Number of protein chains: 2
Amino acid sequence: MPDPNPSAAAPDTNRSAKGPGRNKRADAQRNEQTLLTAAAAVFVTSGVDAPIRRIAAEAGVGMGTIYRHFPTRADLVVAVYRHQVDACAEAGPRLLDSADSPFAALREWADLFVDFLVTKHGLANAMQSNSGGFEALHAYFLDRLVPVCEQLLDAAAEAGEIDPGTRAYELMRGIGNLCVGRDSDPRYDPRRLVDLLLKGLLRPRSTSA
Amino acid sequence: MPDPNPSAAAPDTNRSAKGPGRNKRADAQRNEQTLLTAAAAVFVTSGVDAPIRRIAAEAGVGMGTIYRHFPTRADLVVAVYRHQVDACAEAGPRLLDSADSPFAALREWADLFVDFLVTKHGLANAMQSNSGGFEALHAYFLDRLVPVCEQLLDAAAEAGEIDPGTRAYELMRGIGNLCVGRDSDPRYDPRRLVDLLLKGLLRPRSTSA
DNA sequence: TACGATACGGAGCGCTGTTCCGCTTTGTCA
DNA sequence: TGACAAAGCGGAACAGCGCTCCGTATCGTA
């Protein structure tokens, strides 16, 4: 959690009143984080309509805890969304350090990104009402993630692994489009196609060039 | 789930093969009609997601009867849709005979049409999957209803109640658009606006001209 | 350490979709 | 006409869900 954003009274972009509890008890804060992670995992496998019970079980908490932190399903989905955006954004630089190469980092990052898209697409359905808030979240998504993706692309290009020229927005949108459709048709695995897309970025290996 | 659903496959001009059961027992045929009428009424007040129990109660039948006739909710919604289209189409000429004037007939017809739109809009949500079948149903809707509306408009124009020129498709689409949104906000009553729209067609009464 | 305040867990309620089977109605045939 | 299989009906019963409520456990503080 690199950005705990402690007690500052600054005009916080958001969460000033609702976000990760500022004055909450330690266990409550822990549970909130646990819930966000667990919900994200469940969303990936069962969609954003997964039973509350299942999410509670995954997190190892009672249902009451979920309802206390996130009174409505939309609240939970939105919170997971933001959490995932943040996690994805923070993962970029970290992967760049830990992975074998910038391109490897990009592939790992894309994997996280695909997980996140499940939540993102589910969000649209879960928020048919207040579409205004949805657009704000989309803007947040772009602000945070495009630069990270850009950074990964640049690093890979600088390392000579891929040709420069492909832009982050375009790539992210392409990945996003590959992931539309909530069916679990075994004949269509978005992840496989995303990997293909990424491999397409690669320059021919020097051995063959 | 590529379900081999025969009802959505062929947009049969009408009931030649699937409609009100040809070889069914008399009581079964009666029940099917009763159900279609009852479901339509419930849809208007509670939307297409109304509990099956409520529809069964409205029709005065058991739940088993609904499931026997319409295995899935989509089946029921589609059947109601067709039924409503037919009813609306047949009501046009009848109202022209029975109402005080062609314009009065048009207003009454519009009232039926607004009821029907609830089902129509619900249909889009209920058929997110096989959108192909949906387009076929929409075509059926246009084929059957536009001519009827045209007839009503022409009759009113011929009687000198309204100015000629307004086309049926445009009017129907206008009414349809006034009815979007499923909220039961008391501040927005589509029916009131539709009535306004229709009054707008009227020529000034001869007394003032 | 002692004691509110805070948060937790999950049993319980009411609602839903869906199935299943004993009973009723219908159509037919002698 | 009466009898009898087949077709159809009703609704109890089951399973799964969202959501609430309150006795209990944990935390932070004096």
Side-chain angles (χ1 to χ4, degrees), chain A residues 4 6-7 17-39 42-43 45-80 122 125-129, chain B residues 1 3 5 7 18-39 42-43 45-80 122 125-129:
Chain A
S7 51
K18 191 89 208 298
R22 168 136 20 252
N23 306 327
K24 284 181 179 170
R25 248 168 54 176
D27 55 346
Q29 291 184 26
R30 249 184 291 118
N31 272 329
E32 189 162 319
Q33 289 302 308
T34 307
L35 271 174
L36 289 175
T37 307
V42 173
F43 285 173
T45 62
S46 308
V48 294
D49 290 327
I52 298 289
R53 271 175 237 272
R54 193 196 303 273
I55 298 170
E58 173 81 19
V61 306
M63 286 180 302
T65 303
I66 293 194
Y67 281 102
R68 195 166 318 102
H69 286 288
F70 310 103
T72 75
R73 180 169 228 104
D75 290 332
L76 175 60
V77 176
V78 169
V80 169
N125 281 339
M127 291 189 72
Q128 288 174 339
S129 44
Chain B
M1 266 157 247
D3 95 72
N5 188 337
S7 66
K18 186 78 208 294
R22 164 136 20 255
N23 306 328
K24 285 181 179 171
R25 247 167 55 174
D27 55 346
Q29 291 184 28
R30 249 184 292 120
N31 273 328
E32 189 162 319
Q33 288 303 307
T34 306
L35 270 174
L36 289 175
T37 306
V42 173
F43 286 173
T45 63
S46 309
V48 295
D49 290 327
I52 297 291
R53 271 175 238 272
R54 192 195 304 273
I55 299 169
E58 173 82 17
V61 305
M63 287 177 300
T65 303
I66 294 194
Y67 281 102
R68 195 167 318 102
H69 286 288
F70 310 104
T72 75
R73 182 170 227 101
D75 290 333
L76 176 60
V77 176
V78 168
V80 169
N125 282 338
M127 291 189 73
Q128 287 174 341
S129 45

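All values below were derived from every heavy atom in this structure, side-chain atoms included, with hydrogens, water molecules and symmetry-related copies excluded. Small disclaimer: the values here were computed from a predicted structure and weren't measured. A note on names: the letters A, B, ... follow the listed sequences, proteins ahead of strands, and every chain is numbered from 1.
Straight-line distance from the OH atom of Tyr67(A) to the P atom of dC17(D): 11 Å, rounded to whole Å. With rounding to whole Å, Leu76(B) atom CG is found 15 Å from dT18(C) atom C1'. Computed from coordinates, the Asp49(B) CG to dT16(C) C1' distance equals 12 Å when rounded to whole Å. Whole-Å rounding puts the Ile66(B) CD1 to dT16(C) C1' distance at 14 Å. The interatomic distance linking Ile55(A) (CD1) with dG16(D) (P) rounds to 17 Å, in whole Å.
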Annotated protein contacts, base or backbone, on nucleotides 2-13 of chain D with a non-hydrogen cut-off under 4.0 Å, one of B, S, - each: ----BBSBBBBB
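The side-chain heavy atoms of Ile55(A) and Leu76(A), taken from C-beta on, include a pair separated by under 4.5 Å.
Ala79(B) pairs by the side chain to side chain contact (heavy atoms under 4.5 Å, CB included) definition with Leu36(B), Phe70(B), not counting sequence neighbours. In terms of the side chain to side chain contact (heavy atoms under 4.5 Å, CB included) criterion, residue partners of Arg73(B) (sequence neighbours excluded) are, by chain and number, Asp49(B), Ile52(B), Val77(B). By the salt bridge (Lys or Arg N to Asp or Glu O under 4.0 Å) test, Asp27(A) pairs with Arg25(A), sequence neighbours left out. Partners of Ala59(A) under the side chain to side chain contact (heavy atoms under 4.5 Å, CB included) rule, at least two apart in sequence or in another chain, are Thr34(A), Leu35(A), Ala38(A), Val61(A). Scanning for side chain to side chain contact (heavy atoms under 4.5 Å, CB included) contacts around Arg54(B) gives Val42(B), Ser46(B), Pro51(B), with sequence neighbours left out.
Distance from the side chain of Ala26(B) is smallest to dG27(C) among dG17(C), dG27(C), dC27(D).
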Please write out the pairs of protein N or O atoms and N or O atoms of nucleotides 28-30 of chain C separated by less than 3.5 Å, giving the distance to one decimal.
none

